[in-house]
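Proteins come first, then strands; the chains are lettered A, B, ... in the order of their sequence lines, and each starts at number 1. Computed from a predicted model, the values in this text were never measured in an experiment.
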Protein chains: 2
Amino acid sequence: MTRFALTLEFDGGPYMGLQRQAHGPSVQQAVEEAVFSVTGETVIMCAAGRTDAGVHARAMRVHVDIEKALTAFRLMEALNARLRLAGEAIAVLDCTEMTGNWHARFSCVGRRYLYRIVNRRAPLTLDAGKAWNVKQPLDERAMHAAAQALVGRHDFTTFRSTHCQADSPLKTLDRLDVRREGDEVLIAAAARSFLHHQVRSMVGCLVLVGQGHWEVARMAEALAARDRAALGHNAPPDGLYFMEAVY
Amino acid sequence: MTRFALTLEFDGGPYMGLQRQAHGPSVQQAVEEAVFSVTGETVIMCAAGRTDAGVHARAMRVHVDIEKALTAFRLMEALNARLRLAGEAIAVLDCTEMTGNWHARFSCVGRRYLYRIVNRRAPLTLDAGKAWNVKQPLDERAMHAAAQALVGRHDFTTFRSTHCQADSPLKTLDRLDVRREGDEVLIAAAARSFLHHQVRSMVGCLVLVGQGHWEVARMAEALAARDRAALGHNAPPDGLYFMEAVY
């Protein structure tokens, strides 16, 4: 039995989410079926993060345990061929044979996300489904200032989904940076781990600040309230990318 | 009668090209139909460039002449609403009322294109249809060196489509820069005007250099040959973006 770490890129659009779902396609099911078709083995894929329906990944880390003797390179090539043949929007960017007790989820000590906003009146064409189109002008400096209130160790109950399964709402946010590149506003978030919907909740509030609906100081108040009612809408999944799992 | 200059962004994937075609959808037809639905007027759209099937635009400049009294802002908003309703992958980024003899094609004194290559073994997911996936490692420095042989005023017969309607194969290429950003190799081209298929022909040859199939010096030889037989394959349209028209 060999444990292979895979780095996956995927377009979240066609999937109900990363995790296997009863009622629709998932990244997990597609990868497990590709592994079965290559090896004849029924495996369970473990991932560093559990992204929601429509959320993308530039570099999700997962692992699978395989009996069949295969080099990492052959496995990667065979999985990419099968995924492509099946019309899946998933690619294996890297495949590495792991030793010891390495685990895609439990060994992961850091997660990085990027949220892309295209800030213009015109609807999206080339970036349709790949970013959030916010039409009102955003003040990215106010957004960045407000974001800093969230950095550090806090009770993030305000920014937590009611479906969140984490034991505790206490998390340490290492970084929440907002910058503009032309008509794009990019929000980079890094933490050891996040609560369910935390990034999209935070982005939703930052956009309220950027539009001038919220004062900068209201972000700290929302955090302190520890109450979902203090929250704006979640940002849509289209703009969210899982960028890196750190080990 | 008012002449409006429109800046268009479009995903070239669904279209047979920018120009109206007998046998399939075009950007021109979609925009002209949107104008008709807003104004009741039958117009002819003129564009700075005539991009091929599958070629994208980040900022194509076009014009239309309209009788109906409309502000530029109202026209832009109405066109975007109609284009969206019709399911077109076209957006109007800017709309400006022009005076004098300004003409989207004849007043244009410079065109800029960008060609995107994703240089990796894994197939594309998020960038499918939006870049050329070249699997063999590319030496972007050799490509850039070879590209410099094409900069300047030359007879570009080697890099010209047999369908090219230009009077002369003489063109002045102002810039052809190759750079790498991670696994992307980006090729930026600028000239007053280009021959039909010129950018895709040049990129096809640059990739042969990048893969080591061609020596750097062979680019100058291919140019001097003035013969299509000296050419590699054209690069696919997926990676090509019309970036800017200069006036």
Side-chain angles (χ1 to χ4, degrees), chain A residues 6-15 27 30 34 54-60 72-74 76-95 114 116 118-131 133 135 182-184 238-243, chain B residues 6-15 27 30 34 54-60 72-74 76-95 114 116 118-131 133 135 182-184 238-243:
Chain A
L6 309 176
T7 304
L8 302 183
E9 180 188 86
F10 58 83
D11 177 348
Y15 302 103
V27 175
V55 173
H56 313 296
R58 281 286 178 194
M60 174 62 76
F73 182 77
R74 287 309 313 155
M76 177 173 77
E77 295 284 293
L79 289 176
N80 277 330
R82 298 292 171 152
L83 288 165
R84 195 168 184 169
L85 203 66
E88 303 290 351
I90 305 168
V92 182
L93 305 190
D94 186 74
C95 180
L114 181 70
R116 284 184 68 207
V118 176
N119 186 31
R120 69 180 196 196
R121 290 199 64 79
L124 304 184
T125 69
L126 289 158
D127 300 302
K130 308 292 193 298
N133 180 20
K135 293 180 187 292
D183 65 5
E184 287 200 30
D238 314 53
L240 187 56
Y241 295 74
F242 187 97
M243 298 299 283
Chain B
L6 309 176
T7 304
L8 302 183
E9 179 187 87
F10 58 83
D11 177 348
Y15 302 104
V27 175
V55 174
H56 313 295
R58 281 287 178 194
M60 173 61 76
F73 182 76
R74 286 310 312 155
M76 177 172 78
E77 295 284 293
L79 289 177
N80 277 331
R82 298 292 171 152
L83 288 165
R84 195 168 184 168
L85 205 63
E88 303 290 351
I90 305 169
V92 182
L93 303 190
D94 186 74
C95 180
L114 181 71
R116 284 183 69 206
V118 176
N119 186 31
R120 69 180 195 195
R121 289 199 65 79
L124 304 184
T125 69
L126 289 158
D127 300 302
K130 308 292 192 297
N133 180 19
K135 293 180 188 292
D183 66 6
E184 286 199 30
D238 314 52
L240 187 58
Y241 294 75
F242 187 97
M243 297 299 283

Is there a side-chain contact between Leu126(B) and Phe10(A) (heavy atoms, below 4.5 Å)?
no
Please determine if Asp127(B) and Arg58(A) form a salt bridge, counting it only when a charged side-chain N lies under 4.0 Å from a carboxylate O.
yes
Applying a strict 4.5 Å limit to non-hydrogen atoms, the region of Asp183(B) in contact with chain A is neither
Is it true that Glu77(A) and Lys135(B) have a side-chain N and a carboxylate O under 4.0 angstrom from each other?
no
Using a 4.5 angstrom heavy-atom cutoff, name the option from Ala122(B), Ala57(B), Gly12(B) with the most pairs to chain A.
Ala122(B)
Flag side-chain contact, heavy atom, 4.5 Å: Asn80(B) against Arg121(A):
no
Quick check: closest heavy atoms across Thr125(A) and Glu9(B), and the distance to 0.1 Å?
OG1-OE1, 2.8 Å
Is it true that atom CZ of Arg120(B) has more than 12 heavy atoms of other residues, nucleotides or ligands lying nearer than 6.0 Å?
yes
Given that the side chain runs from C-beta out, which part of Ile90(B) has a heavy atom under 4.5 Å from chain A: side chain, backbone, both or neither?
backbone
